[in-house]
Amino acid sequence: MKKPSSRIREEIARLQEQLKQAETREAERIGRIALKAGLGEIEIDEAELQVAFEETARRFRGGKGSASGKKDTGDGRAASGSSTAQSPGADASGSGEA
């Protein structure tokens with residue numbers, strides 16, 4: 001039997017709240033780790049920092065290469081051993097928000 005639209009809306013609202021809570025937990029976890037690593041003391045453009053985070057995410061997901069176009073050496077690092085971010089204001093996702 002099909003669900004009435006009101007029930008589907010209730011379920012969507014419940015799932016959206018669960019998503020919001022999960023995102024908050026994840027943001028707090030990442031924020032604590034970033035602060036422990038000293039990122040809170042670095043003056044960096046938000047878009048540039050987002051690019052660096054995206055490169056890090058790709059590295060841990062096993063993605064190929066980095067945003068700078070360098071090949072992955074197989075040990076999880078870019079060929080130079082360091083990450084190169086795009087110029088300030090450049091945003092790989094096009095949204096400009098982190």
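Position 1 is the first residue of the sequence, and the numbers go up from there. Model, not experiment: these values are computed from the prediction.
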Starting at OG of S6, measure out to CD of E11 and round the result to the nearest 0.5 Å. 11.5 Å

Taking atom CD of E26 and atom CD of E28, what is their separation to the nearest 0.5 Å? 10.5 Å

Using the side chain to side chain contact (heavy atoms under 4.5 Å, CB included) rule, take R14 and Q18 through it: C-alpha gap first, then chi angles, then the decisive distance, then the call. CA-CA 6 Å; R14 183 179 51 80; Q18 286 180 2; 3.3 Å; yes

Kindly indicate, with the supporting measurements, whether the criterion side chain to side chain donor-acceptor pair (under 3.5 Å) is fulfilled by Q50 and E54. CA-CA 6 Å; Q50 181 175 344; E54 289 167 354; 3.0 Å; yes

Here the gap from Q16 atom CD to R9 atom CZ, rounded to the nearest 0.5 Å, amounts to 12.5 Å

Check the hydrophobic clustering (I, L, V, M, F, W, Y; side-chain heavy atoms under 4.5 Å; chains of links allowed) and say if L39 and I44 are grouped together. yes

The reported gap from NZ in K2 to CD1 in I8 (rounded to nearest 0.5 angstrom) is 9.5 Å

First locate atom CG of L49, then atom OG1 of T56, and finally report the distance between them rounded to the nearest 0.5 Å. 9.0 Å

Using only heavy-atom distances, determine whether the side chains of E17 and Q21 contain a donor-acceptor pair under 3.5 Å. yes

Membership question, hydrophobic clusters at under 4.5 Å side-chain separation (ILVMFWY): are I42 and F53 in the same one? yes

